[in-house]
Amino acid sequence: MVPNQATLRAPLAPRFRLASLLGVRVNQQARIEAMRPVNQARLFEALAEAGISHLTVVFTGLCPAARIDSIAPWAGPHPVELPETRLRYAALTWDAPEVEWRDLSLVEVVEQIVLDLLGDPTLRKILPGGAEGKFCFDAKARTVQLDINETSAEADVAGRGGL
């Protein structure tokens with residue numbers, strides 16, 4: 001008869017503490033918020049140079065599952081096309097504490113700013129079931145307005161082909 005032997009190894013010692021991981025996330029969110037005015041100022045300058053008065057961005061969901069449905073640039077009451085302008089965008093990555101400067105298209109900058117705004121933890125607390133809405137980037141006033149409606153978690157899953 002074979003004596004009983006443990007088949008599971010002893011648990012590994014934790015390599016990190018949850019509190020320190022959460023602290024890193026809070027710190028990163030604060031740094032993203034501090035960089036947002038720099039990135040938005042560059043966007044507003046590029047829009048003004050292209051003769052775009054405002055830009056509307058329709059979205060569904062909140063990060064990390066947010067989806068940008070449309071980006072529409074306007075020159076006054078007339079729809080226009082976004083130029084092929086490239087901008088420097090200040091970004092953070094999880095594995096490096098330094099700011100990384102990226103060369104992005106105007107569309108990519110708009111998408112990144114919108115996703116950063118939709119990733120705000122406060123929004124997720126206020127709208128736990130998800131959301132849909134529209135951002136309006138006003139190049140003249142240099143403001144971003146948000147029109148948002150709460151959706152249910154079931155509607156978000158059904159809209160993505162789930163359930």
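Basis for what follows: all heavy atoms, side chains included, without hydrogens, waters or symmetry-related copies.
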Value rounded to 0.5 Å, distance of [atom1] in [X] from [atom2] in [Y]:
| X | Y | atom1 | atom2 | value |
| --- | --- | --- | --- | --- |
| Thr60 | Asp69 | OG1 | CG | 3.5 Å |
| Asn39 | Arg102 | CG | CZ | 10.5 Å |
| Leu43 | Gln40 | CG | CD | 7.5 Å |
| Phe135 | Leu146 | CZ | CG | 4.5 Å |
| Gln112 | Leu87 | CD | CG | 13.0 Å |
| Arg67 | Leu62 | CZ | CG | 12.5 Å |

Start with the C-alpha gap between Ile148 and Glu132, add the side-chain angles, then the distance that decides, and say whether side chain to side chain contact (heavy atoms under 4.5 Å, CB included) holds. CA-CA 6 Å; Ile148 192 166; Glu132 63 184 13; over 6 Å; no
I need the minimum non-hydrogen distance between [X] and [Y], along with the two atoms involved.
| X | Y | result |
| --- | --- | --- |
| Ala66 | Gly61 | CB-O, 3.7 Å |
| Ala48 | Ala139 | N-CB, 4.3 Å |
| Thr151 | Ala131 | OG1-N, 3.3 Å |
| Val99 | Met35 | CG2-SD, 3.6 Å |
| Lys134 | Phe59 | N-CE2, 3.5 Å |

Looking at Asp103 and Arg86, is any side-chain nitrogen of the basic one under 4.0 Å from a carboxylate oxygen of the acidic one?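 Here Arg86 pairs with Asp103 in a salt bridge, since their nearest N and O are under 4.0 Å apart.
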Side chains of Leu47 and Ser53, heavy atoms from C-beta outward: is any pair under 4.5 Å?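 Not in contact.
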With heavy-atom distances below 4.5 Å as the criterion, would you say the side chains of Val144 and Phe44 are in contact?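 Yes. Closest side-chain heavy atoms under 4.5 Å.
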Look at the side-chain heavy atoms of Ile, Leu, Val, Met, Phe, Trp and Tyr, link any pair under 4.5 Å apart, and say whether Val58 and Leu118 land in one connected group.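 No, separate clusters.
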Are Leu115 and Leu55 in one and the same hydrophobic cluster, where Ile, Leu, Val, Met, Phe, Trp and Tyr link if side-chain heavy atoms are under 4.5 Å apart?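 Cluster IDs for Leu115 and Leu55 match.
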Applying side-chain contact (heavy atoms from CB on, under 4.5 Å), can you list everything that pairs with Val107, at least two apart in sequence or on another chain?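 If we apply the side-chain contact (heavy atoms from CB on, under 4.5 Å) test to Val107, skipping adjacent residues, the hits are Ile71, Leu82, Ser105, Glu111.
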Do you see a donor-acceptor pair shorter than 3.5 Å between the side chains of Asp138 and Thr143?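 Looking only at side-chain atoms, Thr143 and Asp138 do not form any donor-acceptor pair under 3.5 Å.
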Applying side chain to side chain contact (heavy atoms under 4.5 Å, CB included) to Val110 and Val57, what does each step give before you reach the verdict? CA-CA 8 Å; Val110 171; Val57 180; 3.6 Å; yes
Residue pairs fulfilling side chain to side chain donor-acceptor pair (under 3.5 Å) with at least one residue in residues 42-52, sequence neighbours excluded: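 The answer is none; no pair qualifies.
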Under 6.0 Å from the CD atom of Glu84, do we count more than 12 heavy atoms belonging to anything else shown?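 For Glu84, atom CD is not crowded (no more than 12 foreign heavy atoms under 6.0 Å).
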For His54 and Trp74, take the angle between the two ring planes, folded into 0 to 90°, and tell me which bin it lands in: parallel under 30, tilted 30 to 60, perpendicular over 60.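 His54 vs Trp74 ring planes: parallel.
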Just jot down the ring pair (Phe, Tyr, Trp, His ring centres under 6.0 Å) partners of Phe137, sequence neighbours excluded, or say none.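 Once residues adjacent in sequence are excluded, Phe137 has no partner under the ring pair (Phe, Tyr, Trp, His ring centres under 6.0 Å) criterion.
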